[in-house]
Amino acid sequence: MCQALLLTHQRHSSDEDPGPTLTFSLVTVCCLCLGPYPHGFPGSIEVFILFLKGYTASIWESSIIQPSVIRIFHFSMMILPKKMKPLLFLISQMAIFALFLHLYGHNSNSPSTTEEPKPMHVLVLSSWRSGSSFVGQLFGQHPDVFYLMEPAWHIWMTFTHSTAWRLQMAVRDLIRAIFLCDMSVFDAYMKPGPRRQSSLFQWENSRALCSPPACNIFSRDMIIPRAHCKLLCSQQPFEVVEKACRSYSHVVLKEVRFFNLQMLYPLLRDPSLNLRIVHLVRDPRAVFRSREHTTEELMIDSRIVLGQHWEKLKKEDQPYYMMQVICQSQLEIYKAVQSLPKALRERYMLIRYEDLVRNPIARTAQIYEYVRLKFLPHLQTWVYNITRGEGMGNHAFHTNARNALNVSQAWRWTLPYKKVSRLQKVCSDTMTLLGYQLVRSEQEQRNLSLDLLST
Ligand SMILES: *[C@@H]1O[C@H](CO)[C@@H](O)[C@H](O)[C@H]1NC(C)=O
Ligand SMILES: *[C@@H]1O[C@H](CO)[C@@H](O)[C@H](O)[C@H]1NC(C)=O
Ligand SMILES: *[C@@H]1O[C@H](CO)[C@@H](O)[C@H](O)[C@H]1NC(C)=O
């Protein structure tokens, strides 16, 4: 008996352009005669297998191919004539050596070749009232971006008596499908019958749905006010959404309905996605104040988040419990990132809303650079303008950074210290971690010359 080893390495079929890194991926076969079974493999073979496993793991990490496409088969071969054995052994060693060189050659090239041309997928992960509409606009107005705001709203509003926990997998699958521009995923969450692009929640926040190929009235590289778009582009059929999505290099989704990162691991590792997560956080005290003003609007969402606790909690306790869930989830996301392998950790960026509103141009430049978007001149003027309240008029955006700078401090003079103190108790870990200093007295809270943001 003689042991042989067949190593196959296949191209991932759905990968349209996996890049030159995979040119070696044709089936590579080493048929090795390794001496009589059961003496086992020579050491060099085991080392080689380990090497190959390590190598494929690193490809897998970089999300080019899935581990399932790499298979290692063992099979037994018929006994060969005694005389053939030394010759075959020699040939097999040469084959291994050649394969080794081949793999190494490509490996060393990989830094220049991993610049995949496939679309970049960006998930803006945030919570309610955390400035995510503003950040969403930064993406949405970019001419290379197909942007949708809170697509999971459709799921939550379809199952209003469910819980965030039960709906999370549906949300994840929806996000994945939209990243791949498969809009049929909305079938389950929209009324049957003909629909328009205006059936999408907050569609007019997406400049991509207001310009070609979705709507030919505005041009792609214009800043398009929501109100104008809503007026002129609402009659387009739903099919244009998918068509528009496929014509962009970046698909950006803003979502507030995620509460942990573990659930997103499969997306981070998915070879058909090129995912970046932009995690936007905000001072919980400012979020709390802002939520107080929008309690009614957020009612259905809050009930889904609190699940069975909703009924049991006293009305005045609900906002604190809600904030506890939000703070906890931010803490867990942050911690989960620290335990990710380095390659995946680089797919995550944390932004504090306060840093953004204090220095909008510089921070926007950082965010764009991170997701490889150009900060085009007209966008620079636009960010400059809106953060000074110029140029667009009041109705153009829900929020601009100039208001936000003031609003982000508003809790300090509007919230009673009692509430702040109670909130700080449920959110202290998260606040400490994210650099929001706690106030220890009413005096500290009201003293605006005390900067509560640590760097
Ligand atoms: C910026 O503001 C100026 C002055 O109000 C205006 O003329 C210009 O069109 C604005 N630019 C953009 C890109 O909004
Ligand atoms: C911030 O807002 C408050 C109340 O809305 C106002 O009294 C104050 O003048 C504003 N401050 C700045 C710097 O705009
Ligand atoms: C406000 O904070 C500043 C900076 O810490 C401090 O110097 C000042 O004394 C404080 N004012 C009051 C009234 O507490």
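Start at 1 and go down the list; that is how both ligands and their atoms are numbered.
Ligand 3 is surrounded by Gln443, Asn447, Ser449, Leu450, each with at least one heavy atom closer than 4.0 Å.
Checked against the 6.0 Å centroid criterion, the rings of Tyr248 and Tyr147 do not qualify as a close aromatic pair. Residues His250 and Phe139 place their aromatic rings such that the two centres sit no closer than 6.0 Å.
Judged by a 6.0 Å distance limit and a 45° cone about the ring axis, Arg196 is not positioned over the six-membered ring of Phe238.
Applying the salt bridge (Lys or Arg N to Asp or Glu O under 4.0 Å) definition to pairs two or more places apart or across chains, those involving residues 417-442 are Glu292-Lys419, Asp317-Arg422, Arg440-Glu444, Glu442-Arg446.
Salt bridge present: Asp301 and Arg257 bring a charged side-chain N and a carboxylate O closer than 4.0 Å.
Using modelled atom types and a 3.5 Å distance limit, the side chains of Gln424 and Arg285 yield a donor-acceptor pair.
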